[in-house]
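Structure, as structure tokens:
Order of appearance sets the numbers: ligands from 1, and atoms from 1 within every ligand.
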Amino acid sequence: MTPQFSIRDAVAEDLESVRDIKVDNWAETYRPLVKPAVLEPYLDPPGQLDALREQLVLTGTSLLVAVDASGMVVGFALFYPRHQPEPWMESLHVALSTRDRGAGTLLMREAASRLLAGGRRSLRLGVVVGNVAAARFYERLGGVMIGEEPVDWAEGVRHWIYRWPDLEALATTAGAPAE
Ligand SMILES: CC(C)(COP(=O)(O)OP(=O)(O)OC[C@H]1O[C@@H](n2cnc3c(N)ncnc32)[C@H](O)[C@@H]1OP(=O)(O)O)[C@@H](O)C(=O)NCCC(=O)NCCS
């Protein structure tokens, strides 16, 4: 069966959709997990659009979007392929209305393929402590929890670090959505 979603590089016209998905998801996913003062800037639409624009002009930022059959952006992956010691997945979000249909898996698989093509073989990311649905999702895709650390973007918030020591399996077969 044809996949419901395709993955492509983001263009400037996608940024408002990306911002909307991110703001909605922060409200829904992180409100129970972080203090209101920490959450507040992430719920500010103009501020979040500026923050995305600033991230994208930095060299070494990659932004992929998942689009549905109508061309609507339903999710995104923002990652840093040149990050040391390993590439870092900064943000992965799928719109609430589109969850559990494989877009997140496709975004992770494409990010893995891009990293391998660029000569990087591994990946890390952080999952805010308590975000058990995301942790389960990453474990299904072969990620291994290697520890817990404070985040660098807020006081008093910690995240679980997930690692893929070899992206080959993720890029090819692991976690392929049902098609
Ligand atoms: C985590 C997140 C990105 C996953 O995106 P998604 O598009 O829902 O992911 P998928 O659909 O590929 O997989 C999700 C589940 O659907 C199932 N699934 C995947 N493809 C499917 C398909 N074609 N049909 C039915 N179910 C499917 C998977 O088994 C998976 O189950 P699991 O998570 O219990 O293991 C999304 O839930 C999200 O944006 N969450 C809020 C933000 C967040 O927490 N981001 C991560 C920050 S670290």
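With ligand atoms numbered from 1 in the order given, ligand 1 contributes 41 (C), 42 (C), 44 (O) to contacts under 4.0 Å with heavy atoms of T29. In the vicinity of Y30, heavy-atom distances shorter than 4.0 Å reach the ligand 1 atoms 47 (C). Shown in contact with Y138 at under 4.0 Å from a heavy atom are these atoms of ligand 1, numbered in order with element: 46 (C), 47 (C), 48 (S). Taking a cut-off of under 4.0 Å to the non-hydrogen atoms of G126, the atoms of ligand 1 that pass are 48 (S). Remark: ligand 1 atoms within the under-4.0 Å shell around heavy atoms of N25 are 39 (O), 41 (C), 42 (C). The N131 neighbourhood of ligand 1 comprises atoms 43 (C), 44 (O), with distances under 4.0 Å to a heavy atom of that residue. The A134 neighbourhood of ligand 1 comprises atoms 44 (O), 46 (C), with distances under 4.0 Å to a heavy atom of that residue.
Contact record, A95 with I21: N-CG2, 3.8 Å, taken as the closest heavy-atom pair. Annotation for L116 and A171: closest pair CD1-CB, 3.6 Å, computed over non-hydrogen atoms. The two residues G104 and F137 make their nearest non-hydrogen contact at C-CZ, 3.5 Å. The two residues R19 and P46 have their closest heavy-atom pair at NH1-N, 4.0 Å.
Residue-to-ligand polar distances keep E28 apart from ligand 1: every N/O pair is separated by 3.5 Å or more. Where the criterion is an N or O separation shorter than 3.5 Å, residue side chain and backbone included, A133 fails it with respect to ligand 1. Residue L125 has no N or O atom closer than 3.5 Å to an N or O atom of ligand 1. Checking only distances, R140 does come within under 3.5 Å of ligand 1, N or O to N or O. The shortest N or O to N or O distance between G102 and ligand 1 is below 3.5 Å. For ligand 1, one of its N or O atoms has an N or O atom of G104 under 3.5 Å away. Among the atoms of D100, some N or O lies under 3.5 angstrom from an N or O of ligand 1.
Ion pairing between E110 and R8 fails under the 4.0 Å rule for side-chain N and carboxylate O.
Considering each of H93, R99, M108, R109, the one bringing a non-hydrogen atom nearest atom 38 (C) of ligand 1 is R99. Of all the listed residues (W26, F137, W160), F137 holds the heavy atom that lies closest to atom 4 (C) of ligand 1.
The side-chain heavy atoms of R99 and N25, taken from C-beta on, include a pair separated by under 4.5 Å.
The shell of residues lying under 4.0 angstrom from ligand 1, judged by heavy atoms, excludes A95.
Contacts classified as salt bridge (Lys or Arg N to Asp or Glu O under 4.0 Å) and involving residues 45-70 (residues at least two apart or in different chains) are not found.
Taking F76 as the reference, H93 meet the ring-ring contact (aromatic ring centres under 6.0 Å, His included) condition, with sequence neighbours excluded.
Ring orientation note: the planes of W26 and Y30 are tilted relative to one another, at an angle of 30° to 60°. Ring-plane geometry between H159 and W88 is classed as tilted, the angle between the planes lying from 30 to 60 degrees on a 0 to 90 degree scale.
Distance alone, capped at 3.5 Å, places no donor-acceptor pair between the S91 side chain and the L78 backbone.
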